Amino acid sequence: MTNPIYLALDVPQLDAAKALATKVKPHVGGVKLGLEFFYAHGHHGVHEIAHLGLPIFLDLKLHDIPNTVAGAMQAIHMLEPTIVTVHASGGRAMMEDAKAASANGTKIVAVTMLTSLDHRDLARTGINGNAHDQVMRLAELAEASGLDGIVCSGHEIKAVRRQWKDGFFVVPGLRPSGKSSGDQKRVVTPRQARDDGASVLVIGRPISRADDPAAAARAIEATL
Ligand code: C5P
């Protein structure tokens with residue numbers, strides 16, 4: 001089994017990001033580089049991390065007109081990312097063009113609904129109904145648009161897997177059992193998410209803020 005853990009490298013300094021990735025490399029399947037990292041360090045930063053030999057997930061959350069998103073996708077071909085994110089709310093044509101413009105071997109997954117939004121925020125943007133229904137609707141649209149999968153929370157993975165049997169599902173917001181869940185009330189463990197059908201487990205602070213990140217990653221890996 002390949003290791004499904006992708007470490008979220010939410011570290012602003014390139015040297016610190018490289019040092020952290022080097023430490024945990026034996027215990028993760030890849031690293032996720034997000035907007036802060038990409039805006040700060042660009043292609044150079046991605047190449048520096050790629051030298052470590054780990055698969056790269058570019059969490060760029062693209063959302064623009066189809067032509068622009070397709071152009072952005074082509075501009076990152078040479079970085080050979082294994083996964084890239086776009087927003088499902090960009091619509092079918094945008095997702096189709098994003099997939100068509102992506103490199104062979106890159107999985108394009110859609111962000112459905114940011115977990116920072118609740119049903120009141122949705123209503124303010126003109127979308128009535130609950131968040132779960134909105135996620136399921138956007139998952140269906142992503143599948144119809146030819147994407148590989150979606151990003152979803154540990155609470156949605158089972159339902160989404162039932163609806164989209166061969167989808168590729170990226171699950172963030174996980175907490176190993178016994179660890180502080182901070183302000184999260186309902187936590188899902190990496191093992192639970194894996195059992196429910198997650199393809200990739202995105203884990204950040206439980207590893208990056210641990211006293212010994214390599215040991216923390218190894219301990220999580222051992223639960224899978
Ligand atoms: O909470 P943690 O540090 O493990 O988060 C890891 C990554 O997952 C971060 O890059 C964060 O932006 C992302 N995340 C997310 N949706 C959530 C929780 C975290 O995309 N609900």
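Both counts, for ligands and for their atoms, begin at 1 and track the order of listing. Model, not experiment: these values are computed from the prediction. Just the heavy atoms: all of them, side chains too, but no hydrogens, waters or symmetry mates, feed the values below.
Here the side chain of S199 pairs a donor or acceptor atom with the backbone of F169 at under 3.5 angstrom.
Residue contacts with ligand 1 for P206 involve side-chain atoms from C-beta outward but no N, CA, C or O (heavy atoms, distance under 4.0 Å). Residue-level proximity to ligand 1 for R175 is carried by the side chain, the only part with a heavy atom below 4.0 angstrom.
Taking the ring axis of Y6 as reference, the NZ or CZ atom of K32 does not stay both within 45° of it and closer than 6.0 Å to the ring centre.
Under a 4.0 Å criterion applied to the non-hydrogen atoms of G173, ligand 1 contributes the atoms 18 (C), 19 (C). Listed by number with element, the atoms of ligand 1 under 4.0 angstrom from any heavy atom of R205 are 1 (O), 2 (P), 3 (O), 4 (O). Below 4.0 Å from some heavy atom of T115 lie the following atoms of ligand 1, by number and element: 16 (N), 17 (C), 21 (N). Atoms of ligand 1 lying under 4.0 Å from any heavy atom of A8, numbered from 1 in the order shown and given with element: 6 (C), 7 (C), 10 (O).
Every residue two or more places apart in sequence or in another chain was checked for a side-chain contact (heavy atoms from CB on, under 4.5 Å) with A219, and none qualifies.
Of the N or O atoms in G204, one or more lie within a sub-3.5 Å distance of an N or O in ligand 1. Remark: ligand 1 and K61 share no N or O pair separated by less than 3.5 Å (distance only, no angle test).
Across all their heavy atoms, H63 and S89 have their closest contact at CE1-OG, 3.5 Å. A pairwise comparison of heavy atoms in A98 and V86 identifies CB-CG1, 4.1 Å as the closest pair.
Within a 6.0 Å sphere centred on CD of Q163, heavy atoms belonging to other residues, nucleotides or ligands number more than 12.
Looking at V202, D10, L35 and measuring to atom 10 (O) of ligand 1, the nearest heavy atom belongs to D10.
Taken from CG in D148 to CD1 in I108, the straight-line distance is 7.0 Å, to the nearest 0.5 Å.
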